[in-house]
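Order of the sequence lines sets the chain letters (A, B, ...), proteins ahead of strands, with each chain counted from 1.
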Amino acid sequence: MARLQPVRGTHDILEIKARTFDYIVSHFKAVAERYGHGEISTPIFEFTEVFKRTLGETSDVVTKEMYTFEDRSGEQLTLRPEYTAGIARAFISGGMQQLAPCKFYAYGPMFRYERPQKGRMRQFHQIDAEILGVPEPQADVELLAMAADFLREIGLLDRVTLEINSLGDVESRQAYRDALVVYFQEYKDQLSQDSQERLDRNPLRILDSKNEGDKAIVANAPSIQDYLNEESRLFFSAVCQGLELLDIPYTVNERLVRGLDYYSHTAFEFTTTELGAQGTVLAGGRYDKLIEQMGGPATAGIGWAGGLERLAELVTAEHMPEAHRPVAIIPMGGLAQVKAMKLAHDLRLQGFHIEMGYRGNLGKRLKRANKANAVAAILMGEDEMARRVVTVRNLDSGEQQEVALSDVAQALQPYR
RNA sequence: GCGGGUGUAGCUCAGUUGGUUAGAGCGCCAGAUUGUGGCUCUGGAGGUCGCCGGUUCAAAACCGGUCACUCGCCCCA
């Protein structure tokens with residue numbers, strides 16, 4: 001406890017930020033329910049194996065970004081770096097194949113040990129949607145439609161671009177990977193240091209390198225589209241047709257790849273140019289082999305996750321509902337204090353938002369009521385108490401009137 | 001893990017080639033106004049100059065280290 005500061009890459013969330021998060025999440029939940037998704041909440045930590053096996057031993061997330069620790073009984077546990085692995089695990093351990101198809105939504109904190117920068121922190125928050133047990137491309141379309149609806153509702157759809165690509169099935173992906181290795185091998189010594197390493201580890205990643213020299217070489221690299229087998233091609237065109245049917249604008253980006261090993265077929269990202277280096281605001285894809293790979297029954301899956309912090313950066317005040325304006329109760333004197341406490345309680349039971357003025361003379365208390373953005377103030381002085389009335393003052397117009405103590409709730413109706 | 005930038009009041013920042021009591025605006029508190037807010041005026045509180053060490057007669061300033069924040073790389077929501 002020596003350092004009284006938040007742990008690196010973590011933040012306290014309050015006031016406007018908290019309200020923005022709540023705004024985004026409540027719209028997300030409403031849209032997800034509309035699409036027939038049910039809420040699932042999985043633990044924020046799992047056995048380390050759950051993530052290691054699903055994300056791939058060599059992925060960055062596993063090799064350098066996991067928050068892993070040993071608990072008192074010696075178990076290796078990891079704070080979740082993403083949602084899909086935990087949900088897939090829940091699907092298996094809950095025997096949910098009997099219930100498939102399953103449509104879930106979830107939201108909560110994620111943890112990755114990374115160097116913080118704009119739009120990236122060690123504890124961050126995601127919303128997440130998954131469909132398990134539907135191998136048909138209609139699920140891809142539905143999930144993308146849901147994402148687009150959600151983004152529209154929070155006013156962001158016209159500020160992001162949907163890019164999609166197909167990574168093909170296992171066979172197509174392997175063929176493409178081989179072709180890429182052959183191609184890049186030619187230019188190996190011209191590639192950046194990073195990309196030379198990628199060539200061994202994950203050649204697909206070279207495609208979205210930000211290095212200028214790499215970009216020139218990538219420009220002439222073979223396209224995944226030419227390596228998709230019949231089945232994969234049909235699948236991808238079904239997804240594209242579905243998007244067109246629903247008027248969801250998108251662009252095919254042949255260079256779009258995903259970092260985690262488990263993706264196949266559809267991969268997509270909603271991106272913005274407004275957030276600097278971290279432009280991906282919501283992204284996901286299909287993972288048909290994942291559950292089987294984890295040791296569960298062969299079950300197709302597709303899902304996406306959106307970053308709350310990144311979405312919140314984009315949400316502007318005009319889309320946010322205004323904070324509810326309270327009514328301030330201002331007692332002056334001992335008797336009024338007691339009456340005020342009772343009145344405040346009664347009004348709150350009836351659903352009013354009540355602020356209490358505790359200190360200072362009337363002027364100070366009104367000033368504080370003003371600062372709290374109160375719509376009205378209820379003034380309770382000694383003489384009012386004697387006559388069993390209060391003064392209700394409209395803080396916008398300055399108009400005020402005396403109201404019988406028993407009729408206060410009625411008089412406050414306009415300020416609800 | 002790697003590279004750049006920045007750390008001075010609650011917040012945003014100024015602070016001359018090193019020079020003695022470190023400033024402004026906003027915010028906060030109080031008064032002008034013993035029961036009437038927003039505007040105005042007056043006054044006040046609030047600082048280990050991120051931390052440790054070094055150079056110097058003298059360091060907020062220069063040097064080294066360290067921590068934090070921030071932007072970028074890797075990677076990702």
Item checked: Separation of the C1' atoms in B:rU8 and B:rG46, to the nearest angstrom -> 14 Å
Note to self: Is the phosphate of B:rG72 approached by A:Gln117 (side-chain N or O, under 4.0 Å from OP1 or OP2)?
What the structure shows: yes
Check: Heavy atoms under 4.0 Å, any strand shown: does A:Glu82 hit a base, just sugar-phosphate, or nothing?
Finding: nothing
Next item on the list: For A:Glu313, report the nucleic acid contact type (base, sugar-phosphate, nothing); a contact means any heavy atom under 4.0 Å.
Entry: nothing
Next item on the list: Would you classify A:Ala369 as touching base, sugar-phosphate or nothing, given that sugar-phosphate means primed atoms plus P, OP1 and OP2, and contacts are heavy atoms under 4.0 Å?
Entry: nothing
Next item on the list: Could you tell me whether A:Met380 contacts a base, only the sugar-phosphate backbone, or nothing, with contacts defined as non-hydrogen atoms closer than 4.0 Å?
Entry: nothing
Notebook entry, point to check: Closer to the 5' end of RNA chain B via nearest nucleotide, is it A:His11 or A:Leu282?
Noted result: A:His11
Check: Base, sugar-phosphate, or nothing: which does A:Glu269 touch, judged by heavy atoms less than 4.0 Å apart?
Finding: nothing
Checklist line | Between A:Ser192 and A:Asp214, a side-chain donor and acceptor under 3.5 Å | finding: yes
Checklist line | B:rC57 versus B:rG50 - spacing of their C1' atoms, nearest Å | finding: 27 Å
Check: Which value, in whole Å, describes the distance between the C1' atoms of nucleotides B:rC2 and B:rA58?
Finding: 40 Å
Checklist line | Distance (rounded to the nearest 0.5 Å) between A:Leu199 CG and A:Leu180 CG | finding: 9.0 Å
Name the pairs: protein N/O against N/O of nucleotides 3-6 of chain B, kept only if under 3.5 Å.
residue: B:rG3; atom: O6; partner: A:Arg115; partner atom: NH2; Å: 3.0

Next item on the list: Report yes if a donor N or O on one partner sits less than 3.5 Å from an acceptor N or O on the other, where the partners are the side chain of A:Arg205 and the base of B:rC75; otherwise report no.
Entry: no
Next item on the list: Please measure how far the C1' atom in B:rA68 lies from the corresponding atom in B:rA77, and state the result in whole Å.
Entry: 25 Å
Please list each protein N or O that sits under 3.5 Å from an N or O in nucleotides 38-40 of chain B, with the distance.
residue: B:rG38; atom: O4'; partner: A:Asn370; partner atom: ND2; Å: 3.0
residue: B:rG38; atom: N2; partner: A:Leu395; partner atom: O; Å: 3.2

Item checked: Heavy-atom closest pair, residues A:Ala90 and A:Met96 -> O-CE, 3.3 Å
Checklist line | Sugar-phosphate only, base, or nothing, as touched by A:Gly333 at under 4.0 Å among non-hydrogen atoms | finding: nothing
Note to self: Applying a 4.0 Å non-hydrogen cut-off, can you work out what A:Gly119 is touching in the nucleic acid: base, sugar-phosphate, or nothing?
What the structure shows: base
Margin query: Mind checking if A:Leu311 touches a base, just sugar-phosphate, or nothing, with heavy atoms under 4.0 Å?
Written below: nothing
Notebook entry, point to check: Does A:Arg80 make a cation-pi contact with A:Tyr83, if we ask for NZ or CZ under 6.0 Å from the ring centre and within 45° of the axis?
Noted result: yes
Next item on the list: For A:Lys339 and A:Glu384, run salt bridge (charged side-chain N to carboxylate O under 4.0 Å, His left out): C-alpha distance rounded to whole Å, both residues' side-chain angles, the deciding distance at 0.1 Å, then the answer.
Entry: CA-CA 11 Å; A:Lys339 296 273 190 196; A:Glu384 278 118 327; over 6 Å; no
Notebook entry, point to check: Given Watson-Crick or G-U pairs with both distances under 3.5 Å, what dot-bracket string fits RNA chain B, with | for other-strand pairs and [ ] for crossing?
Noted result: (((((((..((((.....[...)))).(((((.......))))).....(((((..]....))))))))))))....
Next item on the list: Using the P atom as the reference point in each nucleotide, state the distance between B:rA22 and B:rG47 in Å, no decimals.
Entry: 13 Å
Check: Using the C1' atom in both, what is the distance from B:rC74 to B:rG4, to the nearest Å?
Finding: 16 Å
Note to self: With no hydrogens and no angle check, just 3.5 Å: does a side-chain donor-acceptor pair link A:Gln174 and A:Asp178?
What the structure shows: yes
Notebook entry, point to check: Any chance the side chains of A:Asn165 and A:Gln225 put a donor and an acceptor closer than 3.5 Å?
Noted result: yes
Note to self: Tell me whether the rings of A:Phe270 and A:Phe268 are parallel (<30°), tilted (30 to 60°) or perpendicular (>60°).
What the structure shows: perpendicular
Scan the side chains in residues 404-415 of chain A for donor-acceptor partners under 3.5 Å anywhere in the protein, sequence neighbours excluded, and list what turns up.
residue: A:Gln413; atom: OE1; partner: A:Arg416; partner atom: NH1; Å: 3.3
residue: A:Gln413; atom: NE2; partner: A:Ala409; partner atom: O; Å: 3.3
residue: A:Tyr415; atom: OH; partner: A:Asn394; partner atom: ND2; Å: 3.3

Margin query: Does either side chain, that of A:Tyr287 or that of A:Glu130, offer a donor lying less than 3.5 Å from an acceptor on the other one?
Written below: yes
Next item on the list: Round to a whole Å and report the spacing from CD of A:Glu212 to P of B:rG72.
Entry: 16 Å
Notebook entry, point to check: Using a heavy-atom distance cut-off of less than 4.0 Å, which residues of residues 188-199 of chain A contact RNA chain B?
Noted result: A:Asp194, A:Arg198
Notebook entry, point to check: Does A:Lys210 have a side-chain nitrogen or oxygen under 4.0 Å from the phosphate oxygens OP1 or OP2 of B:rG72?
Noted result: no
Check: Roughly how far, to the nearest 0.5 Å, is CZ of A:Arg365 from CG of A:Leu379?
Finding: 10.5 Å
Check: Heavy atoms under 4.0 Å, any strand shown: does A:Glu382 hit a base, just sugar-phosphate, or nothing?
Finding: base
Next item on the list: Using the side-chain contact (heavy atoms from CB on, under 4.5 Å) rule, take A:Glu244 and A:Tyr250 through it: C-alpha gap first, then chi angles, then the decisive distance, then the call.
Entry: CA-CA 9 Å; A:Glu244 276 151 34; A:Tyr250 70 95; 2.5 Å; yes
Name the atoms and distances for all side-chain donor-acceptor pairs under 3.5 Å in residues 301-317 of chain A, with sequence neighbours left out.
residue: A:Trp304; atom: NE1; partner: A:Leu143; partner atom: O; Å: 3.1
residue: A:Glu309; atom: OE1; partner: A:His125; partner atom: N; Å: 2.9
residue: A:Glu309; atom: OE2; partner: A:His125; partner atom: N; Å: 3.4
residue: A:Glu309; atom: OE2; partner: A:His125; partner atom: ND1; Å: 2.8
residue: A:Arg310; atom: NE; partner: A:Gly119; partner atom: O; Å: 2.7
residue: A:Arg310; atom: NH1; partner: A:Thr280; partner atom: O; Å: 2.8
residue: A:Arg310; atom: NH2; partner: A:Gly119; partner atom: O; Å: 3.0

Notebook entry, point to check: Taking the C1' atom of each, how far is B:rA14 from B:rC49, in whole Å?
Noted result: 13 Å
Next item on the list: State, without any angle test, whether A:Thr271 and A:Thr161 hold a side-chain donor-acceptor pair at a distance under 3.5 Å.
Entry: no
